[in-house]
Engineer: 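The following block contains the structure, expressed as structure tokens.
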Amino acid sequence: MLEDPNFFKQKSLVDACEFYTESFLGHLQEQVNKNTITKRERSNHVKMLSLLYESLKARGLSTLTIETICPKEIQKENVRSSTQIKTFEKYKSYKTSSTKRSSQAETMRHRCKWFNTYLEDSERKQLASSRERKFKTLYFLKYLCSLNLGITPDECVENLTPSLVEQYELMLKQRINSEEITMSTAYTKLRFLKQFLDFLRKNKLVDFKYNISPYFYSEVNRDNEYVNREDLEAVIKTLLLSNSPYKLRDLTIILLIAETGCRPIEISNIKITDIHQLESSITLTSNKSGVRKLQINKTVMDVVKAYYNERIQVTAENDAFILLDNAQPITTESIGWIFYHLNIKTFGESRFSAKSLRHTYATNAIERNDFDKVSKTMGHKHWVSTMHYIYRSVERILANTMPYDPTISEWSV
């Protein structure tokens, strides 16, 4: 149309374009509000209008631009562009930091056989929080090596003493006082340090038992993030509108965690044979919780079946239900990345994680079901773990959360 010279001779049509542009943009916004078109499609229409007015101005048919007709619209686009740039920079920073730490961890695994043995032992036992365990232990080893310059990391570990651990605690206290880290962050670092030292003690490399100083217990609140229904729906909508080839896989992960309150490691451990389509149920397995079989509602099961049909078409050397793009079982780190990426794309920030969904499930479920049944559904071996969720607000309950008893049976395989 822009290349047709007869089009630009019709001055009345140009006037009509100027007259109806604002109305047209209002119409586009209505379509966005009704979910008839996406915000990206609306943005594309605005860009096309900008090109139209640039062409009209170049031919001397109009002195106006879309900026002069609708300055608010351009301001919106500028704000949106600015937000996208900030989101990208934040994403790039996170990606760079994560890649750097992963590289440092791999280097330390090669340099320190005890660090590598410890991680291999954790991976073999399929312990949860493997990514956090690796990086928090790496943080301690880097500090230890900085105190013992000139000796290898293995020698640092083999010559570890209680006084060196106390120095590490003192360093964390100083970082807390200077507001570089929070008390909760320091406590987490020490919690993983204790696990590492327990491993070393078991292997007779250290002869002392470490207990976290009571100082670090103060003001430490156990995480219990709550996910609002609107935020969850927004993330799912972002996923459904995306062009991701893994859309069905990621939706299956999100819905299973929201539906059952399972741990990410249990998602990683699901086998093809754990999906019971006729019973509309699923078997979850982890070292921490053992094995349990849970009922799945029809809507979620329909999504699981759709992914199941897609999964059995993939040739893989394993029987894992949920796979990465390289046909390997999905990892807890990858699940965390899926949540982070969708949060950034939806909100421009990370608002909730897979762990947050588990906490939300427990908070809602405890209000609607028998205490013992909820504890078994969550895979809690001790009732005190479930008791924690009672203190959450009773007002925050998602619609249709656990309208049935999800515990089909109490057996282990």
Side-chain angles (χ1 to χ4, degrees), residues 94-148 151-161 164-165 168-169 171-172 181 185-212 223 263-270 285-289 317-318 320 322-340 353-355:
Y94 174 88
K95 192 71 172 167
T96 302
S97 174
S98 179
T99 303
K100 182 178 179 181
R101 287 192 300 166
S102 296
S103 176
Q104 291 174 345
E106 287 306 309
T107 300
M108 185 61 77
R109 289 188 77 153
H110 288 297
R111 294 180 60 204
C112 182
K113 68 177 181 180
W114 293 115
F115 179 55
N116 184 56
T117 304
Y118 171 62
L119 294 183
E120 286 180 344
D121 182 67
S122 301
E123 290 162 0
R124 186 175 60 256
K125 293 178 180 177
Q126 296 183 334
L127 300 180
S129 307
S130 59
R131 180 186 178 85
E132 196 171 15
R133 174 178 293 101
K134 176 169 62 177
F135 291 146
K136 295 297 187 289
T137 308
L138 172 66
Y139 184 85
F140 170 71
L141 289 175
K142 287 169 63 179
Y143 173 77
L144 198 60
C145 290
S146 70
L147 297 178
N148 297 278
I151 65 175
T152 67
D154 275 327
E155 290 173 329
C156 288
V157 171
E158 292 164 359
N159 292 285
L160 190 57
T161 62
L164 289 173
V165 178
Y168 180 67
E169 285 190 340
M171 181 272 292
L172 292 178
I181 61 174
T185 298
Y187 175 77
T188 301
K189 290 181 184 297
L190 293 174
R191 183 164 57 86
F192 283 105
L193 170 61
K194 177 174 171 53
Q195 293 178 18
F196 181 55
L197 292 178
D198 287 344
F199 169 81
L200 296 179
R201 185 166 176 262
K202 181 180 178 181
N203 286 273
K204 304 186 185 306
L205 282 174
V206 298
D207 58 0
F208 62 92
K209 183 176 182 179
Y210 171 67
N211 290 309
I212 301 174
D223 291 336
R263 299 179 176 90
I265 187 64
E266 291 173 320
I267 293 289
S268 303
N269 291 341
I270 298 175
T285 309
S286 72
N287 288 337
K288 191 170 185 178
S289 301
E317 297 179 353
N318 58 77
I322 299 180
L323 301 178
L324 293 167
D325 55 358
N326 60 1
Q328 293 300 309
I330 196 162
T331 62
T332 54
E333 289 86 355
S334 298
I335 293 173
W337 174 247
I338 288 169
F339 275 85
Y340 178 83
S353 62
K355 186 179 179 182

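In this text, all values refer to a predicted model and were calculated from it rather than measured experimentally.
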Engineer: For the CH2 atom of Trp337 and the CD1 atom of Ile330, what is their distance to the nearest 0.5 Å?
Structural biologist: 13.5 Å
Engineer: With rounding to the nearest 0.5 Å, note down the distance linking CG in Leu160 to CZ in Phe208.
Structural biologist: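 Result: 4.5 Å between the selected atoms.
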Engineer: Mind checking the NZ-OG1 spacing from Lys142 to Thr107? Nearest 0.5 Å is all I need.
Structural biologist: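 Going from the NZ atom of Lys142 to the OG1 atom of Thr107 covers 10.5 Å.
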Engineer: Tell me which one of Leu205, Asp121, Thr137 satisfies side chain to side chain contact (heavy atoms under 4.5 Å, CB included) with Phe199.
Structural biologist: Asp121
Engineer: Looking at Val157 and Cys112, what are the two nearest heavy atoms and their distance?
Structural biologist: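 Closest approach of Val157 to Cys112: CG2-SG, 4.0 Å.
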Engineer: Check Lys194 against Tyr210 and note the closest heavy-atom contact, atom names and distance.
Structural biologist: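 For Lys194 versus Tyr210, the nearest heavy atoms are NZ-O, 2.9 Å.
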Engineer: How many angstroms lie between atom CG of Leu323 and atom OG of Ser334, to the nearest 0.5 angstrom?
Structural biologist: 11.5 Å
Engineer: In Å, rounded to the nearest 0.5 Å, how long is the span from CD of Gln104 to CZ of Arg111?
Structural biologist: 11.0 Å
Engineer: Evaluate Arg131 against Thr332 for side-chain contact (heavy atoms from CB on, under 4.5 Å), listing each step before the verdict.
Structural biologist: CA-CA 8 Å; Arg131 180 186 178 85; Thr332 54; 5.7 Å; no
Engineer: Tell me the closest heavy-atom pair linking Ile335 and Ala354, and the distance in Å.
Structural biologist: CG2-CB, 4.2 Å
Engineer: Let's go through Leu138 and Phe115 carefully: what are the C-alpha distance in whole Å and the side-chain angles of both, what is the deciding distance for side-chain contact (heavy atoms from CB on, under 4.5 Å) to 0.1 Å, and is it a yes or a no?
Structural biologist: CA-CA 8 Å; Leu138 172 66; Phe115 179 55; 4.3 Å; yes
Engineer: Assess whether a salt bridge exists between Asp198 and Arg201, defined as any Lys/Arg side-chain N lying under 4.0 Å from an Asp/Glu carboxylate O.
Structural biologist: no
Engineer: Which heavy-atom pair separates Ser353 from Phe339 by the least distance, and what is that distance?
Structural biologist: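 For Ser353 and Phe339, the tightest heavy-atom pair comes out as C-CD2, 3.8 Å.
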Engineer: Angle between ring planes, Phe196 versus Phe140, binned at 30° and 60°: parallel, tilted or perpendicular?
Structural biologist: perpendicular
Engineer: With side chains defined as the heavy atoms from C-beta onward, is the minimum distance between Pro153 and Cys145 less than 4.5 Å?
Structural biologist: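 Yes. Closest side-chain heavy atoms under 4.5 Å.
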Engineer: Return the minimal non-hydrogen interatomic distance between Ala186 and Ile181, and the atom names on each side.
Structural biologist: CB-CD1, 3.9 Å
Engineer: Side-chain contact test, heavy atoms from C-beta onward, threshold under 4.5 Å: evaluate it for Trp114 versus Asp154 and give yes or no.
Structural biologist: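 They are in contact (side-chain heavy atoms under 4.5 Å apart), so the answer is yes.
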Engineer: Is it true that Arg109 and Glu123 have a side-chain N and a carboxylate O under 4.0 angstrom from each other?
Structural biologist: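 A salt bridge is present here (some side-chain N lies under 4.0 Å from a carboxylate O).
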Engineer: Ignoring hydrogens, what is the shortest heavy-atom contact between Leu164 and Asn159? Give both atom names and the distance.
Structural biologist: CD1-O, 3.9 Å
Engineer: With rounding to the nearest 0.5 Å, note down the distance linking CG in Leu193 to OH in Tyr139.
Structural biologist: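 Separation between the atoms: 12.0 Å.
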